Amino acid sequence: QVQLVESGGGLVQAGGSLRLACVASGSIFSINNMGWYRQAPGKQRGLVAVITRGGGTNYADSVKGRFTISRDNAKNTVYLQMNSLKPEDTAVYYCKAEGVVARDGRYALNYWGQGTQVSVSS
């Protein structure tokens, strides 16, 4: 069983910064993609940023130039550095691990974390 635990959320003023972290634990051999998604009240969950095992990245247009995703494969950890935050960034941020291979060879399509709240005041 694999668990993802997010941390780093909180309340910040517009223009401020936060750094989210997500640690995947359990019987993990490798993880393909790791990503961040967010869901605001009354809206669908959507992609914020994703990073491949090799370091390739993709961002939602709304966060390009402000957010940076990175990962530490040895620690099964993904980070999201969020700068120049805006009130519209307010949401619950979820971590996702895709293409997880366990040490016993089992493959899982994806796992989700429980989410961390990010609130940006104007």
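What you see is a predicted model; the values in this text were computed from it and never measured.
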List, one per line, each side-chain donor-acceptor pair under 3.5 Å for residues 112-122, sequence neighbours excluded.
| from | atom 1 | to | atom 2 | distance (Å) |
| --- | --- | --- | --- | --- |
| Thr116 | OG1 | Gly9 | N | 3.3 |
| Gln117 | NE2 | Ala91 | O | 3.4 |
| Gln117 | NE2 | Ser119 | OG | 3.3 |

Notebook entry, point to check: Under 4.5 Å between side-chain heavy atoms, hopping through other hydrophobics if needed: is there a path connecting Tyr107 to Phe29?
Noted result: yes

Next item on the list: Please answer: with hydrophobic residues joined when any side-chain heavy atoms are less than 4.5 Å apart, are Val23 and Met34 in the same cluster?
Entry: no

Margin query: Minimum heavy-atom separation for Leu80 and Ala49, please, with both atom names.
Written below: CD1-CB, 4.3 Å

Next item on the list: Ignoring hydrogens and angles, tell me if any N or O in the side chain of Arg53 forms a donor-acceptor pair with the backbone of Ser30 under 3.5 Å.
Entry: no

Next item on the list: Taking the side chain as every heavy atom from C-beta outward, state whether Tyr59 and Thr68 have any pair of such atoms under 4.5 Å apart.
Entry: yes

Margin query: Is any side-chain heavy atom of Glu6 closer than 4.5 Å to one of Tyr93?
Written below: no

Next item on the list: Hey, could you give me the OG1/CG distance between Thr57 and Asn33, rounded to the nearest 0.5 Å?
Entry: 11.0 Å

Next item on the list: Taking the side chain as every heavy atom from C-beta outward, state whether Asn58 and Leu47 have any pair of such atoms under 4.5 Å apart.
Entry: yes

Margin query: Tell me the closest heavy-atom pair linking Gly35 and Ile69, and the distance in Å.
Written below: CA-CD1, 4.2 Å

Margin query: Looking at every heavy atom in both Ala21 and Tyr79, which two are closest together, and how far apart are they?
Written below: CB-CD2, 3.8 Å

Next item on the list: Identify the two heavy atoms, one from Ile51 and one from Ser70, that lie closest to each other, and give their separation to 0.1 Å.
Entry: CD1-CA, 3.8 Å

Next item on the list: Determine the minimum heavy-atom distance between Ile31 and Ala97, stating which atoms define it.
Entry: CG2-CB, 3.9 Å

Item checked: Considering all heavy atoms, the nearest Gln81-Asn83 contact -> NE2-OD1, 2.9 Å

Next item on the list: Could you tell me whether a side-chain N or O of Arg71 sits under 3.5 Å from a main-chain N or O of Thr52, the two making a donor and an acceptor?
Entry: yes

Margin query: Evaluate Phe67 against Leu85 for side-chain contact (heavy atoms from CB on, under 4.5 Å), listing each step before the verdict.
Written below: CA-CA 9 Å; Phe67 291 10; Leu85 282 161; 3.7 Å; yes

Check: Between Val63 and Arg38, does a side-chain contact (heavy atoms from CB on, under 4.5 Å) hold up when you go through it step by step?
Finding: CA-CA 12 Å; Val63 307; Arg38 66 187 180 186; 4.0 Å; yes

Item checked: Val92-Val48 co-clustered via ILVMFWY side chain contacts under 4.5 Å -> no

Next item on the list: Applying side-chain contact (heavy atoms from CB on, under 4.5 Å) between Lys96 and each of Tyr111, Tyr37, Trp36, report the one that passes.
Entry: Tyr37

Notebook entry, point to check: Is the number of heavy atoms from other residues, nucleotides or ligands within 6.0 Å of CD (Gln3) greater than 12?
Noted result: no

Notebook entry, point to check: In Å, rounded to the nearest 0.5 Å, how long is the span from CD of Glu98 to CG of Asn32?
Noted result: 7.5 Å

Note to self: Quick check for you: to the nearest 0.5 Å, what is the distance between Met82 atom CE and Arg19 atom CZ?
What the structure shows: 11.5 Å

Check: In terms of side-chain geometry, is the basic nitrogen of Asp89 or Lys86 positioned less than 4.0 Å from the acidic oxygen of its partner?
Finding: no

Note to self: Hydrophobic clustering (ILVMFWY, side-chain heavy atoms < 4.5 Å, transitive) - are Val50 and Val101 grouped together?
What the structure shows: no

